[in-house]
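Model, not experiment: these values are computed from the prediction. Computed over heavy atoms, backbone and side chain alike; hydrogens, waters and symmetry mates excluded. In what follows, chains carry the letters A, B, and so on, assigned in the order in which the sequence lines appear, proteins first and then strands, with residues in each chain numbered from 1.
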Amino acid sequence: MSFSKIILQWYSGHKRTLPWRGSRDPYKIWLSEIILQQTRVAQGTPYYLKFVEHFPTVTDLAMASEAQVLKLWQGLGYYSRARNLHATAKKVAFDLGGKFPSTYEELMKLKGVGDYTASAIASICFDEPQPVVDGNVYRVLARYFGIDKPINDSKGSTYFKRLAREIMDVENIRDYNQGIMEFGAIQCAPQNPYCLHCPLNQSCVALQKNVVKELPVKLKKTKVRHRYFNYLVPITKNENGANSTLLRQRKSKGIWQNLWEFPLLESEGDIDLSQIKARIPEVLPLHGNSEVELFNESPIVHKLSHQHLYTKFWIVQSNTDLTGAIPFDALEEYAVPVLLADFIKTYKI
DNA sequence: AAGCCGGGGAG
DNA sequence: CTCCCAGGCTT
């Protein structure tokens with residue numbers, strides 16, 4: 001039996017039931033694919049369910065504010081996905097009459113939709129024979145065909161895309177694409193694949209050469225940048241006597257764009273109370289009496305894929321009337337990074 | 001072509 | 001700890 005037929009047969013017996021699986025609604029498939037970019041199914045599924053509940057159609061999503069979308073996206077990471085999701089929803093709802101493009105070529109023009117996602121939507125919703133090549137497919141192809149080309153340079157990705165196109169099942173592209181991804185996720189797993197019990201083990205080149213563990217080949221790892229964040233957490237009473245604080249929206253490029261955070265002092269290294277006091281005026285217009293206290297003695301290390309954030313939270317009690325102060329209870333309305341959400345949860349206890 | 005962009009789970 | 005996840009965008 002051919003490679004694709006084995007994949008199809010395996011898929012028919014092993015596919016998981018997932019909330020979006022079975023649907024041909026391009027809105028739901030698009031939504032699930034954006035959520036699942038670089039994200040495990042287990043992590044993304046609750047977000048998919050939330051989004052579908054809040055926004056049953058692309059027009060519902062388009063009519064929401066970006067703030068609402070980011071808030072629902074909070075904790076999932078790669079926040080440009082949420083911004084692009086909202087921009088594309090508006091385009092589809094308001095410029096394209098609520099109707100998604102139905103071809104790979106047109107889908108590729110949407111923000112946040114690249115080769116993989118366009119192929120997935122085109123094949124799953126419209127039966128267009130476009131092969132998907134995601135992390136799972138790279139792994140399955142690299143092992144089965146014994147290819148040691150790096151998967152993450154331009155030549156490698158072109159090579160694998162061409163190979164994927166040659167072996168795809170054009171007549172069953174919808175199930176085949178989902179099948180090879182599912183096969184990679186469950187059977188041909190990154191670590192400790194159970195090759196003894198694999199339906200492809202008679203013809204898998206990597207297994208025959210005993211190099212399953214070495215494939216796929218991936219170039220270099222990202223260098224980690226170390227940063228020192230000092231969040232100033234203003235505490236003041238507002239006119240109603242409620243404890244209030246201050247948030248700023250990150251507008252610059254870089255991490256967490258358009259999310260909210262406390263006034264931030266970034267430093268070259270770990271700094272102490274006197275250095276903090278000297279720099280407070282850079283971000284907080286305090287007058288009158290104030291008192292600064294360190295919340296966490298040792299920095300909280302928040303790890304992103306390529307940045308380690310050594311973070312201290314400084315509580316700044318003040319009788320200054322801060323313009324734009326937010327009642328502490330209203331913090332939950334704002335989309336904040338997990339680093340801040342964890343602090344807020346701890347501090348409120 | 002290389003760098004940037006999150007957070008979490010598995011081993 | 002390391003690896004990597006239904007990738008895409010920017011420079």
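Going from atom OH of A:Tyr104 over to atom C1' of C:dG7 covers 13 Å, rounded to whole Å. Rounded to a whole Å, the CG atom of A:Leu339 is 11 Å from the P atom of B:dG8. In this entry the distance linking OH of A:Tyr47 with P of B:dG8 reads 7 Å, nearest Å. Spacing between atom CD of A:Gln37 and atom C1' of C:dC4 amounts to 15 Å, rounded to whole angstrom units. Here the P atom of nucleotide C:dC9 and the CD1 atom of A:Ile34 are 9 Å apart, to the nearest Å. Here the C1' atom of nucleotide C:dC3 and the CZ atom of A:Arg139 are 11 Å apart, to the nearest Å. A:Arg81 has its CZ atom 13 Å from the C1' atom of C:dC9, to the nearest Å. The nearest whole Å value for the distance from the CG atom in A:Asn152 to the C1' atom in C:dG8 is 14 Å.
Note on A:Gln38: every side-chain N or O is 4.0 Å or more away from OP1 and OP2 of C:dC5. Between A:Thr117 and C:dG8 there is a side-chain N or O to OP1 or OP2 distance below 4.0 Å. The shortest distance between the side-chain N/O atoms of A:Lys303 and the OP1/OP2 oxygens of C:dC1 is below 4.0 Å.
The stretch residues 2-30 of chain A touches DNA chain C through A:Leu18, A:Trp20, A:Arg21, each having a heavy atom within less than 4.0 Å of the strand. Near DNA chain C, defined here as any heavy-atom distance below 4.0 Å, the residues from residues 161-184 of chain A are A:Met181, A:Glu182, listed numerically. At a non-hydrogen distance threshold of 4.0 Å, nothing from residues 260-268 of chain A comes into contact with DNA chain C.
Listed nucleotides: C:dC9, C:dG7, B:dG7. Nearest to the side chain of A:Asn84: C:dC9. With C:dA6, C:dG8, B:dG7 as the choices, the nucleotide that has an atom nearest any side-chain atom of A:Pro337 turns out to be B:dG7.
Across B:dC5 and C:dA6, the matching P atoms stand 23 Å from one another, rounded to whole Å. With both ends at atom P, the span from C:dC9 to B:dG8 equals 24 Å, rounded to whole Å. Comparing the P positions of B:dG6 and C:dT11 gives an interatomic distance of 15 Å, to the nearest angstrom.
Comparing A:Asp134 and A:Met108 against DNA chain C, the residue whose closest nucleotide sits nearer the 5' end is A:Asp134.
In this structure, A:Lys50 contributes its side chain and A:Trp73 its backbone to no donor-acceptor pair below 3.5 Å. A side-chain donor-acceptor contact under 3.5 Å links A:Asn152 to the backbone of A:Leu219. Of the possible polar contacts, none joining the A:Glu128 side chain to the A:Ser123 backbone as a donor-acceptor pair under 3.5 Å is found. The backbone N or O of A:Gly184 lies less than 3.5 Å from a partner atom in the side chain of A:Arg139, making a donor-acceptor pair. Of the possible polar contacts, none joining the A:Arg143 side chain to the A:Glu214 backbone as a donor-acceptor pair under 3.5 Å is found.
Salt bridge status for A:Arg83 with A:Glu66: absent, with no side-chain N to carboxylate O gap under 4.0 Å.
In this structure, A:Phe100 has its ring center under 6.0 Å from that of A:Trp30. Taking the six-membered ring wherever Trp is involved, the centroid distance between the rings of A:Tyr231 and A:Phe343 does not fall below 6.0 Å.
Nucleic acid contact for A:Gly44: none, since no nucleic acid atom lies under 4.0 Å from a heavy atom of the residue. Contacts of A:Ile35 with the nucleic acid, taken as non-hydrogen atoms under 4.0 Å apart, are absent. Using a 4.0 Å heavy-atom distance criterion, A:Val41 is classed as a sugar-phosphate-only contact.
Every salt bridge (charged side-chain N to carboxylate O under 4.0 Å, His left out) that A:Lys312 has, sequence neighbours left out, goes to A:Asp270. Under the rule for a ring-ring contact (aromatic ring centres under 6.0 Å, His included), the partners of A:His226 that lie at least two apart in sequence or sit in another chain are A:His308, A:Tyr310. Here A:Lys5 pairs with A:Asp169 under the salt bridge (charged side-chain N to carboxylate O under 4.0 Å, His left out) rule; sequence neighbours left out. With sequence neighbours excluded, no residue forms a side-chain contact (heavy atoms from CB on, under 4.5 Å) with A:Thr323. By the salt bridge (charged side-chain N to carboxylate O under 4.0 Å, His left out) test, A:Arg250 is found to be paired with A:Glu261, residues two or more places apart in sequence or in another chain being considered. Residues forming a salt bridge (charged side-chain N to carboxylate O under 4.0 Å, His left out) with A:Arg162 (at least two apart in sequence, or on another chain): none.
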Distances under 3.5 Å between protein N/O atoms and the N/O atoms of nucleotides 9-11 of chain B, please, pair by pair.
none

Look for any protein N or O under 3.5 Å of an N or O in nucleotides 2-5 of chain B and output each such pair with its distance, or none.
unit_1, atom_1, unit_2, atom_2, d
B:dC5, OP1, A:Ile255, N, 3.4
B:dC5, OP2, A:His306, NE2, 2.6
B:dC5, OP2, A:Gln307, NE2, 2.9
B:dC5, N3, A:Tyr78, OH, 3.4

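Of the candidates A:Tyr347, A:Phe262, A:Trp314, A:Phe295 forms a ring-ring contact (aromatic ring centres under 6.0 Å, His included) with just one, namely A:Tyr347.
Residues A:Ser119 and A:Tyr104 meet the side-chain proximity criterion, which asks for heavy atoms closer than 4.5 Å.
Heavy atoms from other residues, nucleotides or ligands lying under 6.0 Å from NE2 of A:His287 number more than 12.
The salt bridge (Lys or Arg N to Asp or Glu O under 4.0 Å) contacts involving residues 271-293 of chain A comprise A:Arg279-A:Glu282, where partners must be two or more places apart or lie in separate chains.
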